[in-house]
Amino acid sequence: MSSRKVLSLVIMLALSVLSFAPSALAAAPKKPAATPSTADFVGIVDRGEILNNHPNLNKVRQQLSDIARKKENEAKAAADKETDTAKKAQVVQQKRMELAQEEQKLMAPIYRDCEQAVREVAVKKKLTLVLDKFVVLIGGVDITQDVIQQLSKKK
């Protein structure tokens, strides 16, 4: 079959489908208009406020401060032994990376707790979506304080 015949056949098939579409749509049962329910609510949270109110955050911050001082002293001591500027910079960069890894390790449980508290409050309030309040202009139920209370229960 030539490509022209195939194209003609496809066009005729499309036209026949379109001619039946209006009657098929008219015969289809109509769905009732969607009504908002509690399952459709959107929650919003201030993640920074939640994080700052985590019961263990001050302890972790103190640990990170101590580790930062230790890494800084180690970097100075190692850099003082080096004469090559490039190697000094490499030592300092290595200590910064070690500090970042320690911070990630210590903060991971804090972030996990915050996320879990958001999930628990969302389930309790039957929210289907929770967004950061900084991306929402209008609407949503602010659950920040509920999440902070949930975190304080886990002390």
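Side-chain contact between Val121 and Leu127 is absent, with no heavy atoms from C-beta onward closer than 4.5 Å. Side chains of Leu99 and Arg96 form no contact here, defined as non-hydrogen atoms less than 4.5 Å apart. Between Leu51 and Tyr111 there is a side-chain heavy-atom pair separated by less than 4.5 Å. Side chains of Val42 and Leu131 form a contact here, defined as non-hydrogen atoms less than 4.5 Å apart.
Rounding to the nearest 0.5 Å gives a distance of 10.5 Å between CD of Gln150 and CD1 of Ile143. Here the CG atom belonging to Asn73 is positioned 11.5 Å from the NZ atom belonging to Lys71, to the nearest 0.5 angstrom. With values rounded to the nearest 0.5 angstrom, Lys125 atom NZ is found 4.0 Å from Asp146 atom CG. In this structure, the separation between CD on Glu98 and NZ on Lys70 is 9.0 Å, given to the nearest 0.5 Å. Note that the CD atom of Gln90 and the OG1 atom of Thr85 stand 12.5 Å from one another [nearest 0.5 Å]. Residue Lys88 holds its NZ atom at 7.5 Å from OG1 of Thr83, rounded to the nearest 0.5 Å.
Closest approach of Leu151 to Pro55, counting heavy atoms only: O-CG, 3.7 Å. Considering every non-hydrogen atom in both Gly139 and Ile44, the closest pair reads O-CD1, 4.0 Å. The two atoms that bring Leu57 and Met107 nearest to each other are CD1-CE, 3.8 Å, heavy atoms only. Nearest heavy atom pair, residue Ala79 against residue Val91, reads N-CG1, 4.3 Å.
Under the side chain to side chain donor-acceptor pair (under 3.5 Å) criterion, the residue pairs touching residues 42-55 are Arg47-Asp132, Glu49-Gln145, Asn52-Arg61, His54-Asp113, with sequence neighbours excluded.
Exactly one residue among Asp142, Val130, Val118 makes a side-chain contact (heavy atoms from CB on, under 4.5 Å) with Val147. That residue is Val118.
Defined by atom type and a distance below 3.5 Å, a donor-acceptor pair is present between the side-chain atoms of Glu120 and Gln116.
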